[in-house]
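Counting starts at 1 for both ligands and their atoms, following the listed order.
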Amino acid sequence: MEKDIFCKIIDGEIPCYKIYEDQDVLAFLDISQVTKGHVLVVPKEHYETFLSTPQETMHKVMDIAQRIGQVEIKLLGAKGVNILTNCYEAAGQSVPHFHVHVIPRYEKRDGFILEMKDNSKGLNLPQLAEDIKNTL
Ligand code: AMP
């Protein structure tokens, strides 16, 4: 199977602007810089999405994402941070290697748009909650 682009970065075959590295985790600047300071945090071991990543590895990735978010506020003057991970194409995932976006936010119209519409009309919320709860 062909290596994904993040595996190539981890293996040093493609350059990146490195922010952090330890034996399990790598963090580097996202090439697109949706906003100034947009960082990706990835596990070095290959897992396709957040959903299939072992808990211990996922915790290590989230720990670094939290620290980078804190620095973005302190150093870059961001007013907020979006922590985002897309799972599968339907959710906007384009690189099939678990990664967390840490996106500093400066104002509402600053390059990152996330629209959450209210689509609750007509849904049976008690039943929906029960179904999800019983499958956890
Ligand atoms: P997603 O759409 O959630 O899978 O995000 C993939 C992200 O990877 C996008 O924001 C891209 O800009 C970023 N990306 C793709 N190739 C590179 C690269 N070589 N170095 C840094 N970021 C990259």
Side-chain angles (χ1 to χ4, degrees):
M1 210 174 71
E2 234 242 286
K3 267 190 203 175
D4 66 76
I5 195 149
F6 295 165
C7 278
K8 288 183 183 169
I9 288 175
I10 290 158
D11 291 345
E13 294 165 21
I14 290 181
C16 71
Y17 294 102
K18 201 180 288 181
I19 303 284
Y20 175 87
E21 182 171 23
D22 65 27
Q23 105 186 11
D24 303 304
V25 177
L26 182 70
F28 51 92
L29 288 183
D30 189 299
I31 204 77
S32 71
Q33 291 296 287
V34 162
T35 62
K36 182 184 160 192
H38 177 186
V39 171
L40 298 174
V41 189
V42 307
K44 286 189 173 175
E45 188 113 357
H46 177 89
Y47 300 103
E48 187 177 357
T49 75
F50 166 83
L51 299 175
S52 57
T53 301
Q55 212 173 57
E56 196 187 339
T57 306
M58 188 262 289
H59 288 169
K60 287 177 180 166
V61 169
M62 294 311 287
D63 179 51
I64 302 307
Q66 183 190 49
R67 284 174 57 190
I68 291 169
Q70 289 163 348
V71 166
E72 287 174 343
I73 293 210
K74 200 165 125 187
L75 177 77
L76 300 178
K79 302 279 186 294
V81 178
N82 283 101
I83 305 291
L84 175 76
T85 181
N86 300 321
C87 301
Y88 302 119
E89 243 179 82
Q93 185 176 12
S94 61
V95 178
H97 184 121
F98 169 42
H99 53 283
V100 173
H101 294 261
V102 186
I103 306 174
R105 299 301 305 280
Y106 301 94
E107 55 187 3
K108 286 204 172 139
R109 293 172 178 273
D110 60 3
F112 179 73
I113 301 166
L114 180 67
E115 196 179 7
M116 295 207 197
K117 292 184 178 165
D118 182 349
N119 281 317
S120 62
K121 209 171 162 197
L123 292 178
N124 182 344
L125 296 187
Q127 186 62 57
L128 184 60
E130 201 60 23
D131 289 347
I132 296 171
K133 186 173 87 184
N134 292 336
T135 316
L136 269 179

Minimum heavy-atom distance between L40 and H101, given as atom pair plus value: CD2-ND1, 3.4 Å
Steps toward side chain to side chain contact (heavy atoms under 4.5 Å, CB included) verdict (H46, F6): CA-CA 9 Å; H46 177 89; F6 295 165; over 6 Å; no
Where does ligand 1 get N/O contacts under 3.5 Å from the protein, atom by atom?
residue  : atom   : partner : partner atom : Å
ligand 1 : 2 (O)  : G92     : O            : 2.9
ligand 1 : 2 (O)  : S94     : N            : 3.3
ligand 1 : 2 (O)  : S94     : OG           : 3.0
ligand 1 : 3 (O)  : N86     : ND2          : 2.8
ligand 1 : 3 (O)  : H99     : NE2          : 2.9
ligand 1 : 3 (O)  : H101    : NE2          : 2.8
ligand 1 : 4 (O)  : S94     : N            : 2.7
ligand 1 : 4 (O)  : S94     : OG           : 3.2
ligand 1 : 4 (O)  : V95     : N            : 3.0
ligand 1 : 4 (O)  : H99     : NE2          : 3.0
ligand 1 : 5 (O)  : H99     : NE2          : 3.1
ligand 1 : 5 (O)  : H101    : NE2          : 3.3
ligand 1 : 10 (O) : D30     : OD1          : 3.3
ligand 1 : 10 (O) : D30     : OD2          : 2.6
ligand 1 : 12 (O) : D30     : OD1          : 2.6
ligand 1 : 12 (O) : S32     : OG           : 3.4
ligand 1 : 22 (N) : I31     : N            : 3.1

Strictly by salt bridge (charged side-chain N to carboxylate O under 4.0 Å, His left out), give each pair with a member in residues 15-24 just once, sequence neighbours left out. K18-E21, E21-K44, D24-K60
Which heavy atom of L114 sits nearest a heavy atom of F112, and at what distance? CB-CE2, 3.8 Å
Passing option when V61 is tested against T85, V100, V42, T53 for side-chain contact (heavy atoms from CB on, under 4.5 Å): V100
Kindly give the heavy-atom pair with the smallest separation between E48 and S52, and that separation in Å. N-OG, 3.7 Å
